[in-house]
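Below: the structure, in structure tokens.
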There are 2 protein chains.
Amino acid sequence: MPVTIKDVARRSGVSKATVSRVLNNIPVVREDTRRAVLEATRALGYTPDALARGLTTKKTRTVALVVSDIRNPFFPEVARGVEDLLNNYNYNVMLCNTDGRPEKEEAYIRLLLEKRVDGIIFASVKMGASDLSRLQKRGLPFVLAGRTLPGADADVVVVDSVLGGYQATMHLLQLGHTRIGYVSGPAGVSASVDRHRGYEQALRHNGLDPSPELVAVGDFTQEGGYAGASRLLSLEKPPTAIFCANDIMAIGALEAIYERGLKVPEDVAIVGFDDIPFARLRNIQLTTVMYPKYDLGAIAARMLIERIENPAPDRLAKQVILPPRLIIRRTCGFHLGRSTPGATT
Amino acid sequence: MPVTIKDVARRSGVSKATVSRVLNNIPVVREDTRRAVLEATRALGYTPDALARGLTTKKTRTVALVVSDIRNPFFPEVARGVEDLLNNYNYNVMLCNTDGRPEKEEAYIRLLLEKRVDGIIFASVKMGASDLSRLQKRGLPFVLAGRTLPGADADVVVVDSVLGGYQATMHLLQLGHTRIGYVSGPAGVSASVDRHRGYEQALRHNGLDPSPELVAVGDFTQEGGYAGASRLLSLEKPPTAIFCANDIMAIGALEAIYERGLKVPEDVAIVGFDDIPFARLRNIQLTTVMYPKYDLGAIAARMLIERIENPAPDRLAKQVILPPRLIIRRTCGFHLGRSTPGATT
DNA sequence: CTGAAAGCGCTTACAG
DNA sequence: CTGAAAGCGCTTACAG
């Protein structure tokens, strides 16, 4: 019933091979036979079967994007960057939500392997470096986007989180804060660890000793930000400013602060990280460190395509480090134009 | 190099057919041969090739989700619902952003046809009913999620937008408003038209005549909401309340209101539609009509799978209408507990 | 319960 | 410039 290359061949009076050639733009074909084939293709409404093609070419032109949860506002931007770039090269993207759970991730990997995707972009990874190298051995290209994995010899694109953490903290220091809290992401995650590092560097550059009690462990969720900030605020000497390792946690932190009847930024200043869309809302105006999310996705996609179309197994892993950029809005209190934060209450 | 079913067959001393049978859980196989095959599968690290399988079975177990832009916060929730349900049935989801542009949509359709996806979920459609029926003739199942298309004889799941619009408007009326504006979506889009209808019904039920000057045409974007609300606010007799056809536009409307130095809800009350995540943020507290987005996706996915796995071409189109639910927060002014809105300034 | 064979719809050397 | 043939890796009647 459905029309195949055979039908087109018959109708245009040539062989399947020739049809295949014109459809794949292999330039040898004579112009008039080319036209005849195209005409037959149109007339029959022929749609090539990508499965059959893939079976012989070993290419599917589809790529997987692994995220923890697309509902996390960080990821849609990344996904869009990925897809837009992929489209330019005629690739499709398969969406994989893992909730950061290793079993889900594994299940997906298995599935993706079966479906013969050409490559994977991990915007979230739970596997260890060793599992990833298994992928490499299987010959499945991948790139890490927004995460690094110690020991993984893989293509990576990330923002410079150390620098970003430094900028955020430095800004608060310049506004006069000396007790600055940090609400981290999950332990061991590079983005969180690096931002912590930048935070400590900034403190030290200002002659301050990082104090462990000012660091609360979060998890990149709003609830985590709420809990982390709550802990910091109930300190005997609470911080006058809090740097949150991402914006969602900053939102949670805002909740915690308001709940105590405190004001932002008058009582507590807040700086986040990522610049997710609602950070700029008039009623939020979150000061934060811009993560070029769309670019992250687009660059990751480009790197992946490069790997796919030019497979040199011994090629060195490429690392792209994007610059962070501090975006000053209201929650840091910059507009207050003073340098005695927390002293006004 | 890569291991195929043939290798497994050889190693376990059976035919490819038998290997296929155990891998597909066809119960006829004797237990010990079954075990031998499984053992060989594991030992060789065999991964079935879904392309080859698909080529013979005519099933890919992948489904496409078409959205206008995943960065629109409405869609990630839908996508998650789709994916979660699909996963239960061992399907994958391909993400397709069209920006609501017909060329992009067409290009994707063509691609999806080539890739032999088993079905499509349209959370956004630009094609006309006639193009969709072409899909039907091609035998490609699809369902419309959140949109209806007049004349399209297709499976559909939507929220009752007439009722939702009615609830939103009725609520404002009960708070004492009599001049209520409406910022619509794009002309012709069912969600917008229906909400408008509900809005007018509510007005009439209260003996009010809908006034055309109180309706501004928007487009479901923040900018559209800003522009629409701006127009309403510069009326000689501006409305004291505005119902926006979706939450993003409500955000834009808030901007417009604040920009004029007006207060929400004291000067202008606002009600949105969708209940996207940030509507509930402490600093926003948008009163809105809940759209069960996750369920929308999950139900659409279930309907699609049903169509796919049980293809009766003459089966009647199914319509699922979800109930909307008014969520009262702050922007409507309910908490003010009075009934003379707009009269306090 | 199992196997041999055909077939799914392409692409790609190989010849000419 | 074009075609015949093999092959990609599965599944599925059909026989036995």
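Chain identifiers are assigned alphabetically (A, B, ...) following the order of the sequence lines, protein sequences preceding nucleic acid strands; residue numbering begins at 1 within each chain.
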Hey, are [X] and [Y] close enough for a salt bridge, meaning a charged N less than 4.0 Å from a carboxylate O?
| X | Y | result |
| --- | --- | --- |
| A:Glu306 | A:Arg302 | no |
| A:Asp118 | A:Arg61 | no |
| A:Asp7 | A:Arg10 | yes |
| B:Glu114 | B:Arg110 | no |

By nearest-nucleotide position on DNA chain C, the 5'-leaning member of A:Val19 and B:Val29 is B:Val29
First of A:Asp49 and B:Thr18 reached from the 5' end of DNA chain C, by closest nucleotide: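 The residue whose closest nucleotide sits nearer the 5' end is B:Thr18.
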Atom-pair distance ([atom1] on [X]; [atom2] on [N]), nearest Å:
| X | N | atom1 | atom2 | result |
| --- | --- | --- | --- | --- |
| A:Leu23 | C:dC10 | CG | P | 9 Å |
| A:Leu44 | C:dG9 | CG | C1' | 15 Å |
| A:Lys58 | D:dG9 | NZ | C1' | 7 Å |
| A:Leu51 | D:dT11 | CG | P | 13 Å |
| A:Arg10 | D:dA4 | CZ | P | 13 Å |
| A:Ile5 | D:dG3 | CD1 | P | 12 Å |
| B:Arg116 | C:dC10 | CZ | P | 7 Å |
| A:Leu55 | C:dC8 | CG | P | 14 Å |

Determine: side-chain N/O of A:Thr4 to OP1/OP2 of C:dG9, distance under 4.0 Å, yes or no. no
Nucleotide of [options] approaching [X] most closely (side-chain heavy atoms):
| X | options | answer |
| --- | --- | --- |
| B:Arg53 | D:dT11, D:dG9, D:dA4 | D:dT11 |
| B:Pro2 | D:dG9, C:dG3, D:dT2 | D:dG9 |
| B:Ala52 | C:dT2, D:dG3, D:dG9 | D:dG9 |

For B:Val28, answer base if it contacts any base atom (sugar-phosphate contacts may also be present), sugar-phosphate if it contacts only those atoms, and nothing otherwise; contact means non-hydrogen atoms under 4.0 Å.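 Answer is base: heavy atoms of B:Val28 come under 4.0 Å of a base.
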Modelled atom types, side-chain donor and acceptor of A:Thr47 and B:Arg116, under 3.5 Å: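 No donor-acceptor contact under 3.5 Å links the two side chains.
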Flag if over 12 foreign heavy atoms under 6.0 Å of NZ, A:Lys318: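 Counting neighbours around NZ of A:Lys318, 12 or fewer heavy atoms of other residues, nucleotides or ligands fall under 6.0 Å, so no.
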Looking at A:Lys6, I want to see if its NZ is surrounded by more than 12 non-hydrogen atoms of other residues, nucleotides or ligands under 6.0 Å.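 Not buried by this count: 12 neighbours or fewer within 6.0 Å.
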Let me check something: any side-chain donor-acceptor pairs from residues 94-101 of chain A under 3.5 Å, sequence neighbours excluded? List them with distances.
from     : atom 1 : to       : atom 2 : distance (Å)
A:Thr98  : OG1    : A:Val67  : O      : 3.3
A:Thr98  : OG1    : A:Gly100 : N      : 3.1
A:Asp99  : OD1    : B:Arg80  : NH1    : 2.8
A:Asp99  : OD1    : B:Arg80  : NH2    : 3.3
A:Asp99  : OD2    : A:Lys104 : NZ     : 3.1
A:Asp99  : OD2    : B:Arg80  : NH2    : 2.9
A:Arg101 : NE     : A:Glu103 : OE1    : 3.0
A:Arg101 : NH2    : A:Glu103 : OE1    : 3.0

Rounded distance (nearest 0.5 Å) linking atom CG of A:Leu140 with atom CZ of A:Arg138: 9.0 Å
Euclidean distance, A:Arg53 CZ relative to A:Lys58 NZ, rounded to 0.5 Å: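 These two atoms lie 14.5 Å from each other.
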In which stems does DNA chain D show up, taking only runs of three or more Watson-Crick or G-U wobble pairs whose two distances fall under 3.5 Å?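 As far as DNA chain D goes, consecutive pairing (with distances under 3.5 Å) yields the stems C:1-3 with D:14-16, C:5-12 with D:5-12, C:14-16 with D:1-3.
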Produce the list of close N/O pairs, under 3.5 Å, pairing protein atoms with atoms of nucleotides 12-16 of chain C; give distances to one decimal.
from   : atom 1 : to      : atom 2 : distance (Å)
C:dA13 : N6     : A:Arg21 : NH2    : 3.3

